[in-house]
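Not measured: the values here are computed from a predicted model. Computation of the quantities below employed the complete heavy-atom set of this structure, encompassing side-chain atoms and omitting hydrogens, waters and symmetry-equivalent molecules. A note on names: the letters A, B, ... follow the listed sequences, proteins ahead of strands, and every chain is numbered from 1.
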Amino acid sequence: DTEVTQTPKHLVMGMTNKKSLKCEQHMGHRAMYWYKQKAKKPPELMFVYSYEKLSINESVPSRFSPECPNSSLLNLHLHALQPEDSALYLCASSQDWQGSGKLFFGSGTQLSVL
Amino acid sequence: DQQVKQNSPSLSVQEGRISILNCDYTNSMFDYFLWYKKYPAEGPTFLISISSIKDKNEDGRFTVFLNKSAKHLSLHIVPSQPGDSAVYFCAASARSGGYQKVTFGTGTKLQVIP
């Protein structure tokens, strides 16, 4: 199984809503990531979890709250988002966070904030 | 500061011909270089990588060349097939605070014409 599964595929939310994005992998990878990608832009790193601990937070606003319940699952909790947060949110995993940078990505959640 | 640059936003190639995608970088600390392919509505998929100590890596129809003195790498696809039509991201990674940080280029959209 070389798949990273993300749900939901699409999400529309208002600025006062609370929602969560979910990500799952069963490759035994010990590093998991959240990336944000705007149209015609490269993916931008948001968070890195290594061995279920938050290791990197790229100065992401607190309205984004990551959670790693176990080694296979990664969540991103969303609250009070702004329209400029509309983007494709990608989850990725790798064997560990000190490898070559080879990442396995999910299909992403296309988020629209109204 | 865009450390990884893909100066061609798009490229069209006839089926069966060679596709050459180019990438330039500025950070001499990068120790791995990777190419990812992305279809619409899907996450990026790892294609091929090269260590900074090598100048060529080949995998089937895909070959990556690295010119460290010029800080330039290229991806060659021979022969090109219609299924290769996608956005190709160049990426580079370097150790940063104990973590292998991946930096992506802006992507090149390849169209292979049957």
Using side-chain heavy atoms (C-beta onward) and a distance below 4.5 Å, is B/Thr45 in contact with A/Phe104? no

Show the nearest heavy-atom pair for residues A/Leu90 and B/Pro44, with the distance to one decimal. CD1-CD, 3.9 Å

Shared ILVMFWY cluster between B/Tyr88 and B/Ile20, side chains joined below 4.5 angstrom? no

Among B/Pro9, B/Ala92, B/Gly105, B/Gly107, single out the residue with the greatest number of heavy-atom pairs under 4.5 Å to chain A. B/Gly105

Same apolar cluster (I L V M F W Y, side chains within < 4.5 Å links), A/Val4/A/Met32: no

Does A/Tyr35 belong to the same Ile/Leu/Val/Met/Phe/Trp/Tyr cluster as A/Leu88, with side-chain heavy atoms less than 4.5 Å apart forming each link? yes

Any heavy-atom pair between the side chains of B/Thr106 and A/Lys41 that's under 4.5 Å? no

Quick check: are there more than 12 heavy atoms from other residues, nucleotides or ligands sitting under 6.0 Å from NZ of A/Lys18? no

Rounding to 0.5 Å, atoms OG (A/Ser94) and CZ (B/Phe46) come to a distance of 12.0 Å

Enclosure of A/Leu114 CG (heavy-atom neighbours >12, cutoff 6.0 Å): yes

Are B/Tyr25 and B/Val64 in one and the same hydrophobic cluster, where Ile, Leu, Val, Met, Phe, Trp and Tyr link if side-chain heavy atoms are under 4.5 Å apart? yes

Is a side-chain N or O of B/Ser93 found less than 3.5 angstrom from the main chain of A/Ser100, in a donor-acceptor match? yes

Please output the residues of residues 42-76 of chain A in contact with chain B, using a heavy-atom cutoff of under 4.5 Å, in numerical order. A/Pro42, A/Pro43, A/Leu45, A/Val48, A/Ile56, A/Glu58

Can you say whether B/Tyr36 sits under 4.5 Å from chain A via the side chain, the backbone, both, or neither, judging by heavy atoms? side chain

Cluster question for you: counting only ILVMFWY and a side-chain heavy-atom cut-off of under 4.5 Å, with indirect links fine, are B/Ile48 and B/Leu73 together? yes

Check whether B/Lys38 gets within reach of chain A through its side chain, its backbone, both or neither, counting any heavy atom under 4.5 Å. side chain

How far apart are the closest heavy atoms of A/Leu103 and B/Phe104, and which atoms are they? CD1-CZ, 4.3 Å

